[in-house]
Structure formats: structure tokens, C-alpha cells
Amino acid sequence: MAKIKKIIKTITVDADKCNGCRSCEVICSAFHSTPKYSTINTARARIHVTTHRLKNIWLPVFAGDYVPAECGCRDKYLLDGKEYSECSFCRAACPSRDLFKEPDSGLPLKCDMCEGEATPLCVEWCLNDVLTYQEREEEVEEPVMMGDLEKGLESLVARFGLDKLTGSLTRLSRKD
Amino acid sequence: MRYAETGYNLEIDLATGKIERVETDPNLLGQHLGGLGTNVKLMWDRVPPETKAFDPENLLIFSNGLLCGTPAFSMNRTVLSFVSPQSDLLAYPMMGGFWATELKFAGYDKVIFRNKSPKLVYIYINNDKVEIRDAAHLKGKGAVETQELIREELKEPRAQVAAIGLAGENRVFTASIEQGRSSASRLGGGAVMGDKNIKAVAVRGTKDVNLARGAEFMAHMKDITKYIHYRNNNPLPGVMTILSGIGSPQEMKHTDEKWHTESFAWGNARKRRKDFWTKDIEKSWKETQDNAIKRFVSCFNCPQQCGGLITHGDVSSYMMKCFSKLTYLMGAYVDDLDFGFRIAKRAFEYGVDSFSTPQILAFAVELYEAGILTDKDFEGCPTDKEGRFVWLLDRLVRREGIGDVLADGTYWAARKIGNGAEAYDHNTVKKHEQMNIKLGMLDPLYYLMYATNEKISITQIEGNWPQGAFPSREDREAFVADWPQLPDDKFKQYFLDWNPRGENSNPYYPTPQMCSEIVDWMEMLHNVDDAIGLCAGMGSFCLKPPYHIHNYPKLISAATGMDLDEEGLKKIVSRSRNLHRAFNNRRGMTRADEKPPEDHWKHRFPEYEEQLLSTYYTYKGWNHDGVPTREKLMELDLGYVADDLEKRGILKDGQNKEDN
């Protein structure tokens with residue numbers, strides 16, 4: 001299979017340096033407004049600083065994928081004597097919370113690394129160097145692109161399950 | 001659509017429980033901007049001069065600034081306004097933190113409280129849903145503790161909470177309003193809040209703040225950000241460390257306190273200890289501070305880190321701000337920084353002003369030592385310095401015994417105690433405790449600032465002009481070579497010609513005219529900051545700051561869509577400034593009240609000081625009594641104010657600034 005080069009974008013979060021100012025949330029929401037920089041609303045930001053000030057917890061987390069269901073458990077992490085909920089680190093827009101969702105519509109939000117900009121703006125506007133941005137090139141196997149038929153089949157699998165679909169296909173093939 | 005501001009105030013009548021979301025007049029933006037400017041306008045329109053601090057008619061206004069919630073760094077100030085129980089004038093203490101922007105995201109520019117609640121309540125503002133909730137279970141709780149309890153109760157960790165402690169509940173005249181790592185402390189806002197039976201105001205907001213010309217706004221911010229980087233990497237040479245950077249004085253970062261501990265006066269603002277900062281002290285204080293600070297913290301959208309999260313021995317976590325680590329310690333004559341970190345937590349929970357309160361306690365100790373207060377007043381008080389201060393603080397916030405008298409502040413307590421106690425009230429201006437500074441030669445600039453500003457607190461008036469002349473001409477030339485913040489190049493020459501001693505030095509240089517120009521410039525900057533909600537540490541209270549008169553109008557114009565130039569901006573804040581003065585004149589403030597403490601400087605020049613004051617009044621367009629003239633008021637479209645002052649006989653026919 002052919003190898004191709006892919007850019008991997010990484011933001012390193014040095015949470016110990018975070019002073020909890022939330023400039024990242026401000027600039028993120030401003031950049032993603034339409035037209036650009038027309039509104040600011042930290043509730044629309046695709047980055048969130050989880051804050052428990054007196055417990056010395058300031059933790060910036062980026063919005064990741066939407067998930068349709070919440071986790072079955074809520075683990076706790078003890079790090080450096082501080083207790084974190086598992087959700088503190090979680091990037092998902094999930095039914096258990098209103099984080100990373102448009103406040104009006106509830107539609108999920110996801111970090112896009114400020115597509116089109118040289119550097120994600122949260123990185124540029126964090127003057128305390130909590131966030132650093134790196135790009136690296138990796139050689140990866142060229143992914144097999146799915147055709148329309150496969151995409152259609154995939155959604156059928158998602159809806160009816162593979163077993164049912166295989167059964168139907170078998171039945172259909174017998175008719176021929 | 002409204003830009004930068006939300007265009008709505010929240011009006012809450014505590015007596016009836018009526019809550020209204022009221023659209024504001026869009027013209028007020030061009031007349032008074034927002035923040036302090038529009039607060040003053042509300043106070044003028046709605047609080048008559050007969051109203052006293054604890055009358056139901058006194059308003060308590062919580063306001064954000066015009067640019068709070070925009071991407072401009074450090075725009076996070078909440079400006080409180082009310083008639084002060086201590087000065088009986090319009091007070092406007094401010095706090096940083098996160099409350100102001102949260103209020104704007106909730107869709108409001110101000111919360112205006114009137115009348116009194118029949119029982120202790122807290123307010124929860126969650127966007128359009130606003131509730132008055134019972135706070136009986138929070139009675140007596142600490143101001144810091146309350147914030148956490150309310151967040152837990154609401155199950156909303158993102159709610160920002162401003163709360164009072166025991167001091168506010170008991171209407172102590174120096175009671176503060178605490179919030180996050182910040183507080184609005186001066187002149188008794190906490191007492192007015194307690195009098196209205198409000199324990200706390202919690203806010204959560206998820207609405208938009210609009211910018212009129214966002215891309216243009218961001219282009220200006222790029223320039224400002226570049227300068228912040230530059231200044232953070234290049235502290236100013238030739239000035240003491242504490243003044244070399246930007247942001248509030250970096251009291252949490254710097255451990256070198258030689259300047260404060262040796263230049264400021266200890267006890268009841270009495271004694272300088274010029275040999276205090278020994279090697280041993282330096283070592284012990286550094287160790288204590290480095291161990292206590294767990295993290296540097298900032299306010300909303302601010303790159304500076306002026307606060308600190310403190311964990312100190314068995315003292316539970318709290319956040320320290322600015323100068324509080326020193327005030328109690330110096331007031332009590334305690335040499336160990338450990339005491340500063342211990343008592344500060346107690347004081348923040350009680351919710352008291354860290355500048356005034358230690359001076360009141362030190363004043364009580366002096367009266368006891370002088371035999372004016374007796375063993376009976378101090379019955380049960382420990383004899384060690386630390387214990388005595390804690391005991392007095394505990395009494396003061398509870399208004400128990402002698403604490404009940406002290407709770408009204410130095411000025412009023414001295415008059416209640418009598419028997420010569422008045423002489424120990426030596427460091428107040430307009431009944432309000434001043435910084436603990438006692439110096440030699442009269443400083444004409446500081447004379448004017450202490451005497452005339454409505455803030456009545458010197459730290460919020462000074463800033464852009466260096467505190468003293470530089471000894472070497474070469475250093476002065478280097479300083480003025482790169483000074484784009486100046487409103488006028490003539491100030492460079494004033495600074496170049498200013499010597500620390502001999503010819504062209506204090507008190508006669510800068511001349512009264514120059515002093516008037518310099519003080520007016522600095523005051524104008526503070527008024528801009530207080531209207532737009534900028535931390536003074538990034539603007540007016542800072543040498544060579546990122547924000548200044550040449551970029552404020554650009555930001556305000558891009559944010560609001562209003563085309564404002566420098567002259568236009570100066571006129572707006574001058575309008576609010578003169579309205580503020582008129583409000584205080586209407587309450588009886590006159591020239592006779594405009595006096596720095598008698599012992600502030602050893603060398604005084606009574607006639608010259610009168611000349612200074614008159615020159616300044618003339619420059620400001622005020623008459624001999626310090627009242628804005630009709631001509632000045634008309635120039636600022638404040639004819640209605642002139643009419644009112646004339647009707648009341650405060651402004652008399654034919655009085656003008658030329659008579660000064």
C-alpha cells in the first residue's frame with residue numbers, strides 16, 4: 001500500500017503555567033463568530049479552562065468529538081495530591097454536560113485548530129506560554145477511500161447492525 | 001443592536017422583590033461611556049443629597065466597564081457605586097476578578113439595587129432568569145467561604161460570586177465585597193450591601209457581547225499585545241522593582257520589600273524603620289513567601305499574574321492580592337511575614353478593607369498605650385502584638401465592645417471616644433484612612449492628588465508620571481526618548497528639567513501650572529479606565545503602560561462603532577468627572593475638605609499650597625470652593641447640573657474660575 005505524508009498538529013498544554021485568565025476562551029469564541037471577531041461569548045469557545053481555584057486546579061481542555069451517550073462510570077484521578085474528575089480531561093461534547101455545545105442550539109462544538117491561521121489563536125493569545133503548538137510530518141499508509149456504496153452500507157450497519165445486514169444481503173443474493 | 005455594552009440594566013427593588021430588565025438610553029454611551037461614568041449619572045439622577053448611606057434610597061450599583069467581555073486584555077473591572085457610610089460622598093471601589101465579564105455575558109451592564117430586603121438574601125442571575133434566594137444558612141459565613149458554598153448549592157462551578165462576610169453583615173464602615181482573588185474594598189461597599197441584607201450576588205452568563213468593527217479591534221489589539229510582550233521582557237530601568245513592570249504591583253512575585261518596609265510608616269502610619277530590611281529578614285521573608293505561594297493567578301483575560309494562591313501552614317487556601325501581605329503586619333509592628341499571611345485570610349473571610357482596617361486597629365493600640373482607651377476596653381485582649389491585632393479585628397467585625405466604636409473607622413471612632421482621641425486620627429482625608437506614608441518635603445503633585453480626587457485613595461490617582469525626579473540627566477533623557485504614552489510632548493521637557501534637589505525640585509517644581517496639567521492628565525486616564533473597565537495596572541496606575549490616550553479612542557471606536565477621537569474621549573470623561581464632583585458638592589464637600597493629612601510631609605508651605613489648589617481649580621474650571629463653574633458645566637452639556645447647583649445656592653451667580 002502507498003505511503004503518504006501527513007501533518008500532525010499538536011497543542012501541548014502545560015497546565016502548571018495556567019493562571020486561569022481564560023484569554024484562550026475569549027479569543028476562540030471571537031475567531032469562530034460570524035463574521036470573524038463580531039461577537040465574544042466564552043460559552044461558545046472550543047476550549048474550556050476547568051477551574052477550582054482554591055484547590056489549585058486550572059486545566060485547559062479542547063473540544064473534541066460529539067458522543068451520543070455519556071460514560072457508564074465517573075472515574076477520579078489523583079494527581080499531585082489534587083483530585084480531578086475524569087470529565088475534567090474529557091474533550092467530548094456529551095449528554096452529561098453543557099460544555100462544548102452552542103448555548104442556543106445545543107449543537108456540538110469542536111476545535112478545528114483555527115483552520116486557515118498559521119497558529120491556533122488560543123496559542124497565540126496565551127501570553128503565559130501554557131499552550132505551545134507543534135506540527136510534525138509523519139509518513140502514514142494511504143487510507144483507503146470509501147466509495148458511495150461503502151458509505152451507504154456503513155450507515156445501514158450503523159442503523160440495523162452487521163448481523164441483520166449480512167442476513168438481508170444473503171437473502172437477497174439467494175433470490176438471484 | 002448595541003455594541004460593547006449590552007444595553008440593559010437589571011433593577012432590583014429589595015423591599016418588594018421586583019426585578020426588572022430595563023433597556024438603557026443608547027445616547028448615554030456617547031455622553032458617559034459606561035462603568036463609573038454611567039454609574040455617576042445614575043447616582044446624580046436618582047440619589048438626592050439628603051440620602052444617607054444606610055437609607056433605603058441609597059443605590060448600590062454593580063457595573064461592568066464598557067470594554068469588559070471584549071478581547072482587549074485586562075478589561076475586567078466591576079465598579080461599585082454608592083453613598084459611603086464613612087465619607088458620606090459618592091464612593092466607587094472596584095474589583096478585578098471574573099464577575100464583571102460574567103455579568104456582561106449574562107446580558108447586563110449593571111445591577112442596581114434599591115431599598116432593603118426584609119431578610120438576608122442572595123441574588124442569582126443566570127442569563128434571563130434572576131432569583132432572590134434565601135441566605136439565612138449563609139449568615140455569619142466568611143466572604144470567601146460563601147462563594148464556594150453558593151457555587152456548590154447552585155451546582156454551577158462557573159458562577160462568579162461577590163460576597164460579604166461578617167463585617168458587611170454588621171455594617172462595618174470598612175467592610176469589603178470579596179470575589180475570587182479580588183475585592184471592592186474602599187469606603188464601605190460591604191456595609192451598604194449588608195445594610196440592604198444582600199449576602200452575595202452570583203452570576204452566570206452565556207450570551208454574546210458584540211463588537212461593531214471586530215477585525216479593526218483585533219488589529220489594534222495586535223499592537224497592544226506586541227507592547228505587552230516587549231514590556232514584560234524589558235522592565236524599566238532606573239525605577240524600583242515594584243514600578244518597573246506592568247500590571248498591579250507584583251507583590252506576589254517580588255519578595256524584596258525593602259522599599260515598602262523602609263519607606264512606608266509602621267503602626268498607625270507613624271514610624272519609618274529605615275534599617276528594617278536586614279539580610280536575615282530578607283532570607284526569612286523570601287522563604288515564607290516562596291513556601292506560601294502555590295501559584296500566581298490573574299483576573300479575567302489578563303496576561304499578568306498579580307495575585308497568588310496561598311497555602312500557609314494550617315491556614316486553608318485563599319487568594320492574596322496586592323499589598324495586603326504587609327498592611328496588618330506593619331500596622332501591628334510585627335517583623336515576621338508569617339503573621340501577614342495568617343491574618344490576611346481571617347480578614348478576607350470577614351471581608352474588610354486591608355488598607356483602612358489595620359490602621360484602625362493600630363489607632364486603637366495607640367489610644368490604649370496613651371491611656372485614652374482603658375483596660376476595661378481591652379478586657380480579655382492578649383498582650384502580644386499579633387494576638388492583640390487578631391483580638392481587635394474579631395471585636396471590630398462583630399461590633400463587640402470597643403469594636404463597635406472602631407467599626408466606624410478612625411475618624412468617627414476618634415470623635416465618639418473623645419478625650420483627645422481626635423489627635424490620633426491623623427491620617428485621614430475626607431474621613432477616609434490614607435496610605436501609611438509620611439515624608440519630608442512637600443510634593444506638589446501628590447498634594448493635589450490627595451486633596452482633590454473623588455476616589456479619596458491615592459493609589460488610584462497616581463500612575464503615569466514618575467513618583468520622583470531621576471538624579472541623572474542622562475537617565476532622564478533615556479526615559480523620555482521612548483515615551484509614546486504622553487498626551488503632549490511638553491511633558492518631556494517638564495521631566496528633563498525636574499531635579500531631585502536644588503533648583504527645579506519639589507515643592508516649587510513642577511510649577512503649579514505644570515502640576516495641574518500632570519495631575520489632570522493622570523486623573524483623566526483613571527477616569528477612562530474606570531469607565532471602560534480596565535485594570536489600572538495596565539493603564540493609568542503604571543509607568544509606560546500598554547493602554548494610553550492614543551489607543552483608547554481607537555479601541556472604543558472599533559468596539560462601539562462610535563467614532564471617537566482623543567478630544568472627544570477627554571470630553572466624555574471630563575463630563576463624568578465634573579458630574580461626580582457636583583454630586584459631592586451637592587452633599588456639602590468644599591475646599592475646606594480638600595486637605596492631605598497635616599503630617600503627611602514634615603515641610604509644609606501653607607500659602608503655597610493654597611496657590612497650588614487655586615491654580616488647579618482654575619485649570620479644572622472650578623470656582624474658589626472647588627465647585628464646577630456654570631461655564632465649565634455648559635461646555636460639558638451639563639447645564640442641568642448648573643441649574644441644580646444654583647437652585648441649591650451651592651453655585652452662586654457670577655462665581656467663576658478667574659476669582660480663584
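Each chain gets a letter, A, B and so on, in the order the sequences are listed, and its residues count up from 1.
Annotation: maximal heavy-atom pairing with chain A below 4.5 Å, among B:S317, B:G205, B:A212, occurs at B:S317. Counting heavy-atom pairs closer than 4.5 Å to chain A, the top-ranked of the candidates B:T70, B:N127, B:V209 is B:V209. In terms of heavy-atom pairs under 4.5 angstrom with chain A, the leader among B:K294, B:R181, B:M218, B:H229 is B:M218. With chain A as the partner, the residue from B:I310, B:V297, B:T225 showing the most heavy-atom pairs under 4.5 Å is B:V297.
B:R295 places no side-chain N or O within 3.5 Å of a backbone atom of A:R53 that could act as its donor or acceptor partner. Counting only distance, with no hydrogens or angles, the side chain of A:N128 and the backbone of B:P303 share a donor-acceptor pair below 3.5 Å.
Using a 4.5 Å cut-off between heavy atoms, A:I27 contacts chain B through its side chain alone, with no backbone atom that close. With a 4.5 Å cut-off on non-hydrogen atoms, B:Y3 does not touch chain A at all. With a 4.5 angstrom heavy-atom cutoff, B:F98 touches chain A only via side-chain atoms. Looking at A:E25, there are no atoms closer than 4.5 Å to chain B (heavy atoms on both sides), in backbone or side chain. A:C18 touches chain B through backbone and side chain together, each having a heavy atom under 4.5 Å away. Of the two parts of A:D104, neither the backbone nor the side chain holds a non-hydrogen atom closer than 4.5 Å to a non-hydrogen atom of chain B. Heavy-atom distances place the backbone of B:F296, and not its side chain, under 4.5 Å from chain A. For B:R213, no part lies under 4.5 angstrom from a heavy atom of chain A.
Note: B:L309 CG to A:N19 CG = 12.0 Å, rounded to the nearest 0.5 Å. Summarising the geometry, atom CG belonging to A:L127 is positioned 8.0 Å from atom CD belonging to B:Q304; distances are rounded to the nearest 0.5 Å. Interatomic distance, A:D98 CG to B:T206 OG1, rounded to the nearest 0.5 Å: 8.0 Å. The CE atom of B:M319 lies 5.0 Å from the CG atom of A:L54; values are rounded to the nearest 0.5 Å.
At a cut-off of 3.5 Å, with distance as the only test, no side-chain donor of A:T39 or B:N210 sits close to an acceptor on the other residue.
Judged as a salt bridge (Lys or Arg N to Asp or Glu O under 4.0 Å), and not counting sequence neighbours, the contacts of A:E138 are A:R136.
Residue-level contacts of residues 141-152 of chain B with chain A, in order of numbering, are B:V144, B:E148, B:R151; threshold 4.5 Å between heavy atoms.
The only member of B:L211, B:N301, B:D208 that meets side-chain contact (heavy atoms from CB on, under 4.5 Å) when paired with A:I40 is B:L211.
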